[in-house]
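The sequence lines fix the lettering, A, B, ..., with proteins before strands; numbering per chain opens at 1.
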Number of protein chains: 2
Amino acid sequence: MNAAAAVESLTRSVEDYLKAIYRLSPEGRHASTSEIAHLLELSAPSVSGMVKRLSELGLLEHVPYKGVQLTAEGRRAALRMVRRHRLIEAYLVAFLGYSWDGVHEEAERLEHAVSDTLVERMAAVLGNPTVDPHGDPIPAPDGSIHEPASVPLAEIPAGRTVEICRVDQSQPERLRYIASIGLKPGVEVRVTDRQPFRGPITIEAEGRTHVIGHELGQVLFCAPRDDR
Amino acid sequence: MNAAAAVESLTRSVEDYLKAIYRLSPEGRHASTSEIAHLLELSAPSVSGMVKRLSELGLLEHVPYKGVQLTAEGRRAALRMVRRHRLIEAYLVAFLGYSWDGVHEEAERLEHAVSDTLVERMAAVLGNPTVDPHGDPIPAPDGSIHEPASVPLAEIPAGRTVEICRVDQSQPERLRYIASIGLKPGVEVRVTDRQPFRGPITIEAEGRTHVIGHELGQVLFCAPRDDR
DNA sequence: GTCCAGATTTAGTGTCGGCTAAACCTGTGT
DNA sequence: ACACAGGTTTAGCCGACACTAAATCTGGAC
Ligand SMILES: [Mn+2]
Ligand SMILES: [Mn+2]
Ligand SMILES: [Mn+2]
Ligand SMILES: [Mn+2]
């Protein structure tokens, strides 16, 4: 109802809900109560209650028993948080010696405490980057964002050369392994072999050869290189 | 009672209470309910309630109707926050273009969100400073702190030369004025004239002459120079 | 068309941390 | 000795946000 919920002065909880719902409802899909609960590690009833309050605030559209979507207002608030989160990650990696498996946790708290001024100062000294350390795009201050098309490495046919552009960050342990074999956004990779039935993939990166499981190949995303 | 309150995982509220009480009870004095309420801009009953909880947690000693003091545990927690606050201020000024009248507000929020790791990284890139931008001493990681002796500029007799070492930061507006006439920690100041009855003080700093009110002279602190 | 498992919501509770109004204590003045 | 003002505490309230247990809906199997 209330169309003018102040995007500033939202609670830490609320901000995290909005970010989660943003992640879970791409392209007009609905995010379900249980998906949200699982992502935020909360009970389903807690989510139900918050969903009710947020839709009364005008940040969500709730279809009972189906799920929720962000309103324009909610989307703006969510993208604001995503921008903060990713810029903070970039800043910590660039200037304070963080590695990409540790930044997420720190950013998860800081994103709620920084002022708009501070975020923009960080962006400025970073040179207004467009991607974070995991290759995720950083929304512009006005909320616009464009997800560049990308394909899982696991779907690249043998023989092709591609560039890693994004890495799933959900498991820090896995992130550490990925870093240890030199894979990160910007690195060129040549797929030299692919075994069938979700079998291992052999790649060449930075002059070295690695054999990775199919599962890993699904969380490494590549730019679909126009091979000329 | 509970002697082992985890200093980590205190609430933002609790951390601010402890910091306030630390400021208000130097050298075994008691901080009164109304002093705390005034400093934190809360009602007296709110403070009464929190004081009860904190003393049950073992962070305070409460003498009803007299006031509170920090326990060793509470003092440790408070100094941890003071260190965070002052290091964050120093970092923001050194690396992110903040001026000393704006940092306090930002630090007031960030101090609750940073990890120990981040604080120490900031300290490291700053070269482990011992004072913040206002000249306030930064407690060591182990909680030790030493307040260097200092005298208000208003008490320096005419003819003496002193060095500004600390500036009261409670009024941003005043802080801006002080900065505008070039006074900041480290600057040398010669007192050329002092009028009686809390009258104006004439000083020379950085080659320029300024006349300041007595009141201002009371919030500018100087190292008592051993004139050799 | 009915039934059931699983998802979702509602009901009821608890803690934290704020508030106002009212009761209470304490030190000071007479 | 005692009243009173001002500070302090208690009583009672509320909103935010979590939880568990119970009720309810819904989509798919049959
Ligand atoms: Mn967060
Ligand atoms: Mn990221
Ligand atoms: Mn604070
Ligand atoms: Mn300071």
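The interatomic distance linking B:L54 (CG) with C:dT15 (P) rounds to 17 Å, in whole Å. If you measure from atom CE of A:M50 to atom P of C:dT9, you get 15 Å, rounded to the nearest angstrom. Rounded to a whole Å, the CD atom of B:E56 is 14 Å from the C1' atom of D:dT9. Summarising the geometry, the separation between CG on B:L42 and C1' on D:dT9 is reported as 16 Å, rounded to the nearest angstrom. Between B:K52 atom NZ and D:dG12 atom C1' there is a gap of 14 Å when expressed in whole angstrom units. Whole-Å rounding puts the B:L40 CG to C:dC19 C1' distance at 15 Å. Taking atom CD of B:E41 as the reference point, atom P of C:dG17 lies 18 Å away to the nearest angstrom. In this structure, A:L60 atom CG and C:dT8 atom C1' are separated by 16 Å, rounded to whole Å.
Counting non-hydrogen atoms under 4.0 angstrom, A:P64 reaches the backbone sugars and phosphates but no base.
The side chain of B:S43 contributes an N or O atom lying less than 4.0 Å from OP1 or OP2 of C:dC19.
Of the listed nucleotides (C:dT9, C:dG17, D:dG7), C:dT9 has the atom at the smallest distance from the side chain of A:H62. Distance from the side chain of A:S48 is smallest to C:dT10 among C:dT10, D:dC17, D:dA18. Which of D:dT9, D:dA16, C:dT10 sits closest to the side chain of B:Y65 comes down to D:dT9. Of the listed nucleotides (D:dC19, D:dC17, C:dC19), C:dC19 has the atom at the smallest distance from the side chain of B:S46.
No salt bridge links A:R86 with A:E89; every basic N to acidic carboxylate O contact stays at or beyond 4.0 Å. Here B:E120 pairs with B:R83 in a salt bridge; the nearest charged N to carboxylate O distance falls below 4.0 Å. A salt bridge between A:D101 and A:R174 is absent, with no side-chain N of the basic residue lying under 4.0 Å from a carboxylate O of the acidic one.
B:H112 has its side chain within reach of B:M81: a pair of non-hydrogen atoms, C-beta onward, lies under 4.5 Å apart.
Between A:R53 and B:A44, the one whose closest nucleotide on DNA chain D sits nearer the 5' end is B:A44.
Here the straight-line distance linking atom CZ of B:R109 with atom CD1 of B:I88 works out to 10.5 Å at 0.5 Å rounding.
Remark: B:S32, B:T33, B:S34 in residues 12-38 of chain B come within less than 4.0 Å of DNA chain D through at least one heavy atom.
Side-chain contact, B:S25 with B:Q69: no donor N or O sits under 3.5 Å from an acceptor N or O. No donor-acceptor contact under 3.5 angstrom links the side chains of B:H85 and B:D132, judged on distance only.
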